[in-house]
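Nothing here was measured: the structure is a model prediction, and the numbers come from that model.
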Amino acid sequence: MLDRLKSIEDRYEKLNEKLSDPEVVNDPKKLREYSKEQSDIQETVEVYRHYRTASEQLDDAKAMLEEKLDSDMREMVKEEISELQEEVESLTERLKVLLIPKDPNDDKNVIMEIRGAAGGEEAALFAGNLYRMYSRYAELQGWKTEVMEANVTGTGGYKEIIFMINGNGAYSRLKYENGAHRVQRVPETESGGRIHTSTATVACLPEAEEVEVDIHEKDIRVDTFASSGPGGQSVNTTMSAVRLTHLPTGVVVSCQDEKSQIKNKEKAMKVLRARIYDKFQQEAQAEYDQNRKSAVGTGDRSERIRTYNFPQNRVTDHRIGLTIQKLDQILEGKLDEVIEALIVEDQSSKLEQAGN
């Protein structure tokens, strides 16, 4: 581990030199590439240097015990050794986590797709609750949200809503949301006060750059049609809505959120690119040894991952057995407690795998 950390530190210093090179400074592409690489390893280098300093201090303190010391000084040194040992152990564990291979998608923006599933109108209303929850979470993180496509029901729920969250590291925190979310509550339309169970599905896709997904124009069929639903006088009169079909994979995306056909096509292309990229990733994940998968996982979209129980103000994440009596706060976007627990579980699982 120490050899690997030393090589990372050497690379960090080399990047410092490159970023001072006039040739690199005048090349925006190289400057961006090297700056990002340096930023990615900066925390690891800083913790490693802290670890090295603490280790050296620990060795010095242990050496002092070999000298002739009075009883008071010996106790002080022993206390210092105890504190330094704890610090070195803590830094060692942190370095192990930092050395876990990083998901290349972690820094990306996110395209989220929420669909009402089992439960009819109640499921559509719950899909709306989830959309608001993620929108509030994005707002609390200082991220921006943009609706790509929405299919609104008569009572204000969503059969489907697709939206983008723009923010550094958005995917790293939201990728664990993939799966089926279950709600237990008394619907407003239920006169008998019985608790109903409904579900909505969430797909969290990393935004894909053009260079990551090679899509040829000849492989895309473009259909235009009149918009439907809320939208003013232009609805059903202009062919502004766009449907893109990627012929090799069969992936279909529609967008009618904008009044401009060009803007709808741009939004649809972003979603199409993300879905195709995700499809390739899902296929690669399926080939991965099932026994080596993380306990948290981000792949199985049919997996029931979480239950939101309104009568008991309770949220349970079934993957890690976490139950929190703060449903009201979580629906207001205060998701960090759940997300942090999922990240810790995922890191622990990967560390355990690395040790096998």
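With Ser260 contributing its side chain and Ile262 its backbone, the two residues share a donor-acceptor pair below 3.5 Å. For Ser348 (side chain) and Val344 (main-chain N/O), a donor-acceptor pair under 3.5 Å exists by modelled atom type. Side-chain atoms of Asn109 come within 3.5 Å of backbone atoms of Gly167 as a donor-acceptor pair (strictly under, hydrogens ignored). Here the side chain of Ser349 pairs no donor or acceptor atom with the backbone of Glu345 at under 3.5 angstrom. In this structure a side-chain-to-backbone donor-acceptor pair under 3.5 Å is missing from Glu113 to Ile161. Side chain of Asn313 to main chain of Asp328: a donor-acceptor pair is present (N/O by atom type, distance under 3.5 Å, no hydrogens or angles).
A salt bridge links Arg306 and Glu177; the closest N-O separation between the charged side-chain nitrogens and carboxylate oxygens is under 4.0 Å. With salt bridges taken as basic N to acidic carboxylate O contacts below 4.0 Å, none links Asp106 and Arg173. Using a cutoff of 4.0 Å between basic side-chain nitrogens and carboxylate oxygens, Glu9 and Lys14 are not scored as salt-bridged. Ionic pairing of Asp346 and Lys350 is present here: one or more N-O contacts between side-chain nitrogen and carboxylate oxygen are shorter than 4.0 angstrom. The residues Lys30 and Glu33 are annotated as not salt-bridged, no charged nitrogen and carboxylate oxygen being separated by less than 4.0 angstrom. Ion pairing between Arg221 and Asp223 holds under the 4.0 Å rule for side-chain N and carboxylate O. Taking the charged nitrogens against the carboxylate oxygens, Glu122 and Arg185 do have a contact shorter than 4.0 Å, which makes a salt bridge. Between Glu332 and Arg136 there is a salt bridge, since at least one side-chain N of the basic residue sits less than 4.0 Å from a carboxylate O of the acidic one. Here Lys29 does not pair with Asp27 in a salt bridge; the nearest charged N to carboxylate O distance is not below 4.0 Å. Between Glu46 and Arg94 there is no salt bridge, since no side-chain N of the basic residue sits under 4.0 Å from a carboxylate O of the acidic one.
No continuous path of hydrophobic side-chain contacts links Phe310 to Leu125 [ILVMFWY only; heavy atoms under 4.5 Å]. The hydrophobic cluster containing Val88 also contains Leu65, counting ILVMFWY residues as joined when their side-chain heavy atoms lie under 4.5 angstrom apart, directly or transitively. The hydrophobic cluster containing Leu99 also contains Leu2, counting ILVMFWY residues as joined when their side-chain heavy atoms lie under 4.5 angstrom apart, directly or transitively.
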Salt bridge (Lys or Arg N to Asp or Glu O under 4.0 Å) between Arg49 and Glu13: does it pass, once the steps are laid out?
-> CA-CA 13 Å; Arg49 287 173 175 171; Glu13 292 301 329; 2.5 Å; yes

Candidate pair Lys334 and Lys326, rule side chain to side chain contact (heavy atoms under 4.5 Å, CB included), full reasoning = CA-CA 9 Å; Lys334 296 177 181 177; Lys326 299 177 183 176; over 6 Å; no

Check step by step if salt bridge (Lys or Arg N to Asp or Glu O under 4.0 Å) holds for Lys144 and Glu139.
-> CA-CA 7 Å; Lys144 292 184 178 178; Glu139 188 181 326; over 6 Å; no

Could you go step by step and tell me if Leu272 and Val251 meet the side chain to side chain contact (heavy atoms under 4.5 Å, CB included) rule?
-> CA-CA 7 Å; Leu272 182 70; Val251 175; 3.7 Å; yes

Walk me through it: do Leu335 and Tyr134 pass the test side chain to side chain contact (heavy atoms under 4.5 Å, CB included)?
-> CA-CA 9 Å; Leu335 278 163; Tyr134 292 125; 4.0 Å; yes

Derivation of the salt bridge (Lys or Arg N to Asp or Glu O under 4.0 Å) call for Asp40 and Lys36 | CA-CA 6 Å; Asp40 286 345; Lys36 184 180 185 310; 3.0 Å; yes

Assess whether side chain to side chain contact (heavy atoms under 4.5 Å, CB included) is satisfied between Val152 and Tyr158, documenting all intermediate values.
-> CA-CA 5 Å; Val152 186; Tyr158 292 99; 3.7 Å; yes

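Thr145 and Ser135 share no side-chain donor-acceptor pair at under 3.5 Å. Remark: the Gln184 side chain and the Asn309 side chain contain an N/O donor-acceptor pair separated by less than 3.5 Å. For the 3.5 Å distance criterion, the side chains of Gln85 and Glu89 fail to qualify, holding no donor opposite an acceptor. Between Tyr277 and Asn105, the side chains place a donor N or O and an acceptor N or O closer than 3.5 Å (distance only, hydrogens not considered). In this structure, a donor-acceptor pair under 3.5 Å is present between the side chains of Asn16 and Gln38. Glu121 and Thr153 share a donor-acceptor pair across their side chains, judged by distance under 3.5 Å alone. Between Thr199 and His181, the side chains place no donor N or O within less than 3.5 Å of an acceptor N or O (distance only, hydrogens not considered). For the residue pair Arg182 / Thr307, a side-chain donor-acceptor distance below 3.5 Å is found, with atom types taken as modelled. The closest side-chain donor-acceptor pair between Lys267 and Asn264, if any, does not fall under 3.5 angstrom.
Glu337 CD: 12 or fewer foreign heavy atoms inside a 6.0 Å radius.
Counting only residues at least two apart or in different chains, ring-ring contact (aromatic ring centres under 6.0 Å, His included) contacts with residues 39-89 are absent. For the ring-ring contact (aromatic ring centres under 6.0 Å, His included) condition, the pairs that include at least one residue of residues 91-129, sequence neighbours left out, are Phe126-Tyr308.
Listed by chain and number, the residues in a ring pair (Phe, Tyr, Trp, His ring centres under 6.0 Å) with Tyr137 are Trp143 (sequence neighbours excluded).
Side-chain contact check for Ile220 versus Val222: some heavy-atom pair is nearer than 4.5 Å. Inter-residue side-chain proximity for Leu69 and Val77 is flagged as met; some heavy-atom pair is nearer than 4.5 Å. Looking at heavy atoms from C-beta onward, Val253 lies out of side-chain contact with His246 at the 4.5 angstrom threshold. Val315 places none of its side-chain heavy atoms less than 4.5 Å from the side chain of Thr323. Taking 4.5 Å as the limit, every side-chain heavy atom of Glu207 sits out of range of all side-chain heavy atoms of Val110. For the pair Glu146/Phe163, no side-chain contact is recorded, criterion being any heavy-atom separation below 4.5 Å from C-beta on. In this structure, the side chains of Ile114 and Thr201 stay at 4.5 Å or more apart for every pair of heavy atoms. Counting only heavy atoms from C-beta outward, the side chains of Tyr34 and Val24 approach each other to under 4.5 Å.
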